[in-house]
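Reckoned from all heavy atoms, side chains included, excluding hydrogens, waters and symmetry mates. Remember, it's 1-based here, ligands and their atoms both numbered in the order they're listed. Sequence positions, counted from 1, serve as the residue numbers for this chain.
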Amino acid sequence: MAFSEVAPFAKTGGLADVGGALPLALGNLGCQVRIVMPFYNRFVEELAEADPVVENVPVVFGSQVIDTDIYRGQLNDSIEVYFIRRDEFFDRTYLYGTPKGDYFDNFQRFTYFCKAALSVCSAVQFQPDIVHCHDWQSGLIPAYLKHLVAAEDLLAGTASMFTIHNIAYQGQFAANLFPQTGLPDSFFSVDGMEFWGGINFMKAAIVCADVITTVSPRYSEEIQTKEYGHKLEGVLQMHQRKLHGIINGANYEEWNPENDPYIAANYSRENLEGKHMCKLDLLRTVKLPERLMNRPLLGVVSRLADQKGLNLLAAVMDKFVAYDLGLVILGVGEDKYHTLLTALAERYPEKVAVRLEFDERLAHKIEAGADMFLMPSQYEPCGLNQMYSLRYGTVPIVRATGGLYDTITPFNSTKGKGVGFRFTDYKPESFWETAKTALDLFSQTETWRQIMKNGMATDFSWLSSAEQYLKLYEKTVAEKAAESRQQAADSTQSATEGGIGKQKAKDRRKRGKA
Ligand code: ADP
């Protein structure tokens with residue numbers, strides 16, 4: 001598996017959670033998984049003390065050969081993680097860019113990563129059946145497997161899977177960089193990685209991977225439409241046959257109120273008492289008044305990016321505040337949202353607390369201490385926080401998109417079923433109307449407890465997702481093997497036919513002479 005982030009080694013969002021959990025679940029099913037990721041010095045300081053497992057592995061990059069050192073870590077006892085160390089590329093403060101924008105050399109950084117990731121296989125003599133790549137940062141790997149691997153190579157016949165975790169981030173760069181990829185000229189075309197005059201890593205992966213997945217069934221349909229496809233909808237429609245939606249799992253070893261070490265008191269579906277303590281602890285931690293113990297407390301933990309619906313939240317803030325409730329927001333991301341949220345917190349210091357940082361502990365405290373969790377996303381490929389919220393009895397209010405649609409069944413008061421609240425139109429009125437329904441129900445203690453308990457009973461553990469991936473790996477590998485056998489048979493046949501053809505021509509010439 002090739003990942004640009006894996007928890008606990010480096011994390012900006014849900015991608016790292018998948019990187020840290022899916023391999024473990026697959027390992028439990030008997031797969032032998034090895035992971036490759038960049039060596040981000042700042043995030044893996046302790047590894048820097050260790051010796052590399054292989055030194056000076058040559059990586060052809062454009063017209064140069066740039067060596068890499070490979071370091072090794074462990075995800076658990078059996079799953080190894082290989083780190084590509086090349087400090088001029090990966091020794092940075094952030095993973096992909098600063099709050100002001102992407103790093104200027106992301107093309108070089110991740111082209112190098114893709115090339116080096118494949119070199120790891122021969123360097124450590126590991127021959128995978130399938131390479132599973134995740135998001136644009138590893139998007140060139142399927143293209144390299146298809147176009148650059150020679151017949152005698154260790155990786156000849158290796159299948160590839162590409163998972164789209166978020167189609168908005170595609171890895172688009174100027175066309176003049178194309179030669180540095182080392183891919184054949186013909187690949188700079190409409191059937192290859194050319195995209196509106198530039199190049200696009202995600203498109204390269206969609207075109208070349210043997211199978212494509214995305215992180216929820218709903219999102220797999222959405223990304224084939226103009227509204228959600230970010231201009232790749234046409235390409236995806238063309239490759240629809242190999243596109244599948246598999247929902248992410250939640251890692252309940254990390255996210256479980258029964259034994260979460262970060263929260264003030266543990267609690268369970270059977271005994272909710274501790275949740276009260278967690279609410280008090282959260283109010284104290286973020287310095288909101290304790291009188292809010294009697295009012296609904298809402299939580300948000302999010303990357304601060306356009307997709308997350310923060311404008312919608314800002315647009316209904318006055319209404320929320322007028323309802324008299326507490327709101328705790330934890331997030332980092334784009335500068336404009338830092339400014340927007342800071343202004344909101346200053347305007348409503350008694351009701352709104354904002355923390356602009358990445359804080360794992362506070363994220364857990366919010367999941368446990370809040371009564372409701374807001375995810376008004378414009379789009380959400382899968383979303384993990386709503387699954388965590390369910391387990392913590394923190395009722396999600398979400399927009400019905402992607403994985404939020406697939407995981408949050410709306411509460412139905414007649415049947416007493418459903419786990420949360422969801423709205424469809426990306427409009428402040430719709431968000432507010434739905435939030436108001438939830439807020440009004442909050443005071444009906446018995447009903448509210450029912451909703452909480454319904455959510456706490458849901459199970460999105462990784463096992464069932466991993467089983468689906470395994471099935472797909474097996475099918476893809478079998479198809480790839482059949483394809484390779486067919487190609488081998490075809491080339492033998494054409495060689496034989498070529499031989500027979502030559503003999504016939506010789507015979508004809510002989511007859512002619514006679
Ligand atoms: P995305 O991958 O789009 O960021 P997800 O909901 O799939 O969204 O995953 C987000 C993950 O990142 C969750 O584990 C969430 O708790 C975590 N997270 C996001 N922002 C922060 C933050 N500021 N501090 C701590 N954890 C955060």
Side-chain angles (χ1 to χ4, degrees), residues 3-22 43 94-96 99 134-137 163-169 214-216 218-219 223 228 230 246-257 260 262-263 282 285-286 299-310 328-334 337-338 341-342 353-370 373-392 394 396-399 401-408 420 460 462 465:
F3 276 104
S4 56
E5 53 184 274
V6 175
F9 301 108
K11 168 165 168 175
T12 66
L15 178 62
D17 289 344
V18 177
L22 175 60
F43 298 90
Y94 298 91
L95 267 57
Y96 315 121
H134 299 265
D135 269 354
W136 77 264
Q137 293 88 344
T163 297
I164 300 170
H165 294 260
N166 192 332
I167 205 164
Y169 303 91
T214 187
V215 289
S216 67
R218 179 79 171 187
Y219 194 58
I223 55 179
Y228 291 97
H230 289 259
I246 300 178
I247 195 93
N248 282 337
N251 184 354
Y252 294 128
E253 306 218 336
E254 300 273 324
W255 296 92
N256 181 356
D260 188 330
Y262 293 131
I263 63 179
L282 176 59
T285 305
V286 299
V300 174
V301 179
S302 176
R303 275 185 305 111
L304 302 180
D306 290 340
Q307 83 170 83
K308 299 293 181 179
L310 299 154
V328 184
I329 303 175
L330 169 66
V332 264
E334 293 173 33
Y337 292 119
H338 289 199
L341 294 177
T342 308
V354 170
R355 295 290 179 274
L356 300 173
E357 60 203 339
F358 196 93
D359 184 341
E360 194 76 38
R361 172 182 288 263
L362 185 55
H364 284 249
K365 282 180 184 287
I366 293 174
E367 287 293 4
F373 197 90
L374 304 180
M375 293 181 80
S377 305
Q378 201 166 9
Y379 65 90
E380 195 63 70
C382 177
L384 293 170
N385 280 116
Q386 83 280 14
M387 299 186 199
Y388 305 152
S389 302
L390 290 175
R391 191 40 75 98
Y392 282 74
T394 303
I397 301 174
V398 306
R399 176 153 180 267
T401 178
L404 297 176
Y405 178 93
D406 285 336
T407 53
I408 304 303
F460 290 105
W462 268 106
S465 311

- Message: Below 30° counts as parallel, above 60° as perpendicular, anything between as tilted: where do the rings of F3 and H134 land?
- Response: parallel
- Closest non-hydrogen protein atom to atom 16 (O) of ligand 1, residue and atom name please, with distance? N385 ND2, 3.3 Å
- Message: So if I count the atoms of ligand 1 from 1 in the order they appear, which ones are less than 4.0 Å from some heavy atom of G14?
- Response: 1 (P), 2 (O), 4 (O), 7 (O), 9 (O), 10 (C), 11 (C)
- Query: If you measure from each non-hydrogen atom of S302 to ligand 1, which part falls under 4.0 Å: side chain, backbone, both or neither?
  - Reply: backbone
- Query: Which bit of H165 is near ligand 1, meaning a heavy atom under 4.0 Å away: side chain, backbone, both or neither?
  - Reply: neither
- OH/Y392 to CD1/I263 distance, rounded to the nearest 0.5 angstrom? 5.5 Å
- Note on the structure: The protein heavy atom nearest to atom 23 (N) of ligand 1 is E357 O, 2.8 Å
- Query: Side chain of W462, backbone of G249: donor and acceptor closer than 3.5 Å?
  - Reply: yes
- Query: Would you call L362 and V301 a side-chain contact if the rule is heavy atoms closer than 4.5 Å?
  - Reply: no
- Where is the nearest protein heavy atom to atom 8 (O) of ligand 1: which residue, which atom, and how far? K308 NZ, 3.2 Å
- Task: State if C382 counts as touching ligand 1 under the rule of any non-hydrogen atom under 4.0 Å.
- Result: no
- Query: For ligand 1, is any non-hydrogen atom under 4.0 Å from L384's backbone (N, CA, C, O), its side chain (CB onward), both, or neither?
  - Reply: both
- First locate atom CZ of R355, then atom NZ of K365, and finally report the distance between them rounded to the nearest 0.5 Å. 12.0 Å
- Message: We want to know whether Y96 and E5 form a side-chain donor-acceptor pair, criterion being a heavy-atom distance below 3.5 angstrom.
- Response: yes
- Would you mind checking which non-hydrogen protein atom is closest to atom 4 (O) of ligand 1, with the distance to 0.1 Å? R303 NE, 2.7 Å
- Query: Any N or O on A363 sitting closer than 3.5 Å to an N or O of ligand 1?
  - Reply: no
- Query: For ligand 1, is any non-hydrogen atom under 4.0 Å from Q386's backbone (N, CA, C, O), its side chain (CB onward), both, or neither?
  - Reply: neither
- Message: How far is atom 14 (O) of ligand 1 from the closest protein heavy atom, and which atom is that?
- Response: D17 OD2, 2.6 Å
- Message: Return the closest protein heavy atom for atom 24 (N) of ligand 1 as residue, atom name and distance.
- Response: D359 N, 3.0 Å
- For atom 22 (C) of ligand 1, closest protein heavy-atom neighbour: F358 CD1, 3.5 Å
- Item | E380/K308 ion pair, N-O < 4.0 Å | yes
